[in-house]
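Each residue takes its place number in the sequence, starting with 1.
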Amino acid sequence: CILRIGAGAPRERFDAVRVETLDYPDLTDYVKTHSYPVNQTYLDDEGWSLADEKTQALLEKIRAAGVPLGEYVDGKIYRGILTGLNEAFVIDEATKERLIAEDPRSAEVIKPFLAGREIKRYQPLKLKKYLIFTRRGIDIKDYSAIEKHLEQYKEKLIPRPKDWPSAKPWPGRKPGSYQWYEIQDSIDYYQEFEKPKLIFPDIAPRPNFTIDETGGFFDANTCYNLFYSDKFLLGVLNSQLINYYYRYQAAVYRGGYLRFFSQYVEMLPIRPIDPANPADVARHDRIVALVESLLAMKRALAGGLAPEERARLEAECVRIDAEIDLIVYELYGLTEEEIAIVEGAV
């Protein structure tokens, strides 16, 4: 980021330019050729987006049409679980079966577990790993096989004493009030994982939301959870409109990837449905029906299909996705010109 500052009276607008290449003979000439005006009145304490005025006006229109996602879901946006040592707490199917065979009570604290890279847009959740969820306050003596399994990692699991010299290496985990056999984070909201919810990874090329329809999946700290199961909301969050909006609110990393931290995601504007408005209700119900169709097709695609059937379903998924986008544009009141801006940008 290069700032060019000069003396003079404050102006309502200033020039900005996105430098796409460093291969130019003179920066001043490059700025004159590629710059656009930014209206200062659109910049506030919630965050700056150095977009041109037409884009800023559209972003403001989208924001004004909705309520913040955090408000929409009653603040139920939570990060996944930080164990402090996945090597000890995250296990495979064979280890799970062995622990349960040694002590059937082990099943009480072994949970289906997901990592952020396993969360894909509308995709069914695939169970590959399990979590030994020894939460705060658990009596490890009630789970003999689990205790035995964790003891082999005990040196790496013990929390560092508060009085341990900072310059001296510590082989275990960070300081805390947890026991050596407990998950590092307190996870006071752990019961919510057992319920249906929406899940998204903390890094993705675009909004990548999917649904845990039956509940029960726990996930890593590379995931976030909306403890609010709503297929209408799932369709809106995965739409091109929200993709477009979020790209102007969050930093874009190498390769076009975005970071989905809760403090930014919770500001996404979600257009509420007016139950007294028949058009609103019809759009809501249509989005839900389309999302259900899309989820069913994604489940089918996850199985073995003939090439012709796979191609047909993939094409139908693209068509449904586009139809959801159009309904979302209608919900937010976008004009044809504004839709073109969104589609051209994403």
Side-chain angles (χ1 to χ4, degrees), residues 76-120 123-159 172-174 176-204 208-229 260-262 302:
K76 294 182 177 180
I77 306 177
Y78 292 97
R79 190 181 71 164
I81 295 167
L82 178 63
T83 69
L85 188 68
N86 282 357
E87 177 187 359
F89 294 101
V90 180
I91 60 176
D92 58 17
E93 179 79 28
T95 304
K96 172 208 165 193
E97 295 299 330
R98 176 178 59 78
L99 292 173
I100 293 175
E102 291 176 10
D103 176 13
R105 289 200 64 181
S106 298
E108 297 175 12
V109 294
I110 296 178
K111 308 293 183 180
F113 192 63
L114 301 166
R117 62 182 175 275
E118 295 163 343
I119 308 301
K120 306 295 182 184
Q123 293 284 357
L125 301 173
K126 292 183 179 180
L127 182 54
K128 297 180 180 179
K129 298 289 185 179
Y130 294 87
L131 171 71
I132 297 175
F133 187 58
T134 46
R135 60 182 176 83
R136 300 286 179 95
I138 195 170
D139 187 350
I140 195 64
K141 296 302 179 182
D142 291 339
Y143 305 96
S144 57
I146 297 293
E147 181 181 22
K148 181 182 176 182
H149 168 81
L150 293 177
E151 276 180 342
Q152 62 185 315
Y153 303 99
K154 188 169 182 178
E155 184 180 17
K156 296 180 180 179
L157 290 173
I158 297 174
R173 292 185 287 175
K174 73 175 186 179
S177 58
Y178 55 95
Q179 301 297 321
W180 69 267
Y181 51 81
E182 292 176 339
I183 295 292
Q184 185 168 291
D185 281 2
S186 61
I187 317 295
D188 297 330
Y189 47 88
Y190 71 93
Q191 292 174 318
E192 298 291 334
F193 284 103
E194 304 283 2
K195 304 174 184 177
K197 56 189 171 291
L198 303 185
I199 311 174
F200 60 100
D202 69 346
I203 183 167
N208 249 3
F209 290 80
T210 195
I211 188 168
D212 176 9
E213 294 193 71
T214 57
F217 275 96
F218 285 55
D219 48 58
N221 61 310
T222 51
C223 304
Y224 284 90
N225 302 269
L226 299 179
F227 293 129
Y228 190 95
S229 180
F260 289 86
F261 296 126
S262 59

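Atoms CG and OG1, on Asp142 and Thr134 in that order, are 12.5 Å from each other to the nearest 0.5 Å. Summarising the geometry, atom CG belonging to Asn86 is positioned 10.0 Å from atom NZ belonging to Lys129; distances are rounded to the nearest 0.5 Å. Atom CG of Leu114 and atom CZ of Arg117 lie 10.5 Å apart (nearest 0.5 Å). Here CZ of Phe193 is found 12.0 Å from CD of Gln191. Values are rounded to the nearest 0.5 Å. Of the inter-residue distances, the one linking Phe218 atom CZ with Leu131 atom CG reads 7.0 Å to the nearest 0.5 angstrom. Residue Tyr181 holds its OH atom at 14.5 Å from CD1 of Ile132, rounded to the nearest 0.5 Å.
Relative orientation of the Phe209 and Phe260 rings is perpendicular, given thresholds of 30° and 60° on the angle between their planes.
When all heavy atoms are compared, the tightest approach of Ser106 to Ala145 is OG-CB, 3.6 Å. Taking all atoms of both residues into account, the shortest heavy-atom contact from Gly216 to Pro112 is O-CD, 3.6 Å. When every heavy atom of Ile211 is checked against every heavy atom of Leu125, the shortest pair comes out as O-CD1, 3.9 Å. Of all non-hydrogen atoms in Pro201 and Gly116, the two that sit nearest each other are CB-O, 3.4 Å.
For the pair Thr210 (side chain) and Ile119 (backbone), a donor-acceptor distance under 3.5 Å is absent. A donor-acceptor pair is defined here as one N or O able to donate and one able to accept, closer than 3.5 Å; such a pair exists between the side chain of Lys197 and the backbone of Phe217. Looking at Arg173, its side chain does come within 3.5 Å of a backbone N or O of Leu157 through a donor-acceptor pair.
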Note to self: Quick one, Leu85 with Tyr153, criterion side chain to side chain contact (heavy atoms under 4.5 Å, CB included). Give me CA distance, side-chain angles, the key distance, then yes/no.
What the structure shows: CA-CA 9 Å; Leu85 188 68; Tyr153 303 99; 4.1 Å; yes
Check: Could you walk me through whether Gln184 and Thr83 pass the side chain to side chain contact (heavy atoms under 4.5 Å, CB included) check?
Finding: CA-CA 5 Å; Gln184 185 168 291; Thr83 69; 5.9 Å; no
Next item on the list: Please lay out, stage by stage, how Leu198 and Phe227 fare under the test side chain to side chain contact (heavy atoms under 4.5 Å, CB included).
Entry: CA-CA 7 Å; Leu198 303 185; Phe227 293 129; over 6 Å; no
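Considering only heavy atoms from C-beta on, Tyr143 comes within 4.5 Å of Val109 through its side chain. A heavy-atom distance below 4.5 Å is found between the side chains of Glu118 and Lys128. The shortest distance between side-chain heavy atoms of Ile187 and Phe133 falls below 4.5 Å. Between Leu127 and Phe113, the closest side-chain pair of non-hydrogen atoms is not below 4.5 Å. Using a 4.5 Å heavy-atom threshold, the side chains of Pro196 and Asp212 count as separate. Between Ile146 and Asp103, the closest side-chain pair of non-hydrogen atoms is not below 4.5 Å. Within the 4.5 Å cutoff, side-chain heavy atoms of Ile91 are placed close to those of Lys96. When side chains are defined from C-beta on, Ser177 counts as touching Arg136, because their heavy atoms get closer than 4.5 Å.
Under the rule for a side chain to side chain contact (heavy atoms under 4.5 Å, CB included), the partners of Arg98 that lie at least two apart in sequence or sit in another chain are Thr95, Glu102, His149. For Tyr130, there are no ring pair (Phe, Tyr, Trp, His ring centres under 6.0 Å) partners two or more places apart in sequence or in a different chain.
The side-chain hydrogen bond (donor to acceptor under 3.5 Å, both in side chains) pairs that include a residue from residues 220-229 are Asp219-Asn225, where partners are two or more places apart or lie in different chains.
In summary, Arg135 and Glu182 do not engage in a salt bridge, as defined by a charged side-chain N under 4.0 Å from a carboxylate O. Ion pairing of Lys195 with Glu192 is present here, as a side-chain N (NZ or NE/NH1/NH2) and a carboxylate O approach within less than 4.0 Å. Ionic pairing of Glu108 and Arg105 is present here: one or more N-O contacts between side-chain nitrogen and carboxylate oxygen are shorter than 4.0 angstrom.
For Gln152, the CD atom counts as densely surrounded, since its 6.0 Å shell holds more than 12 non-hydrogen atoms of other residues, nucleotides or ligands.
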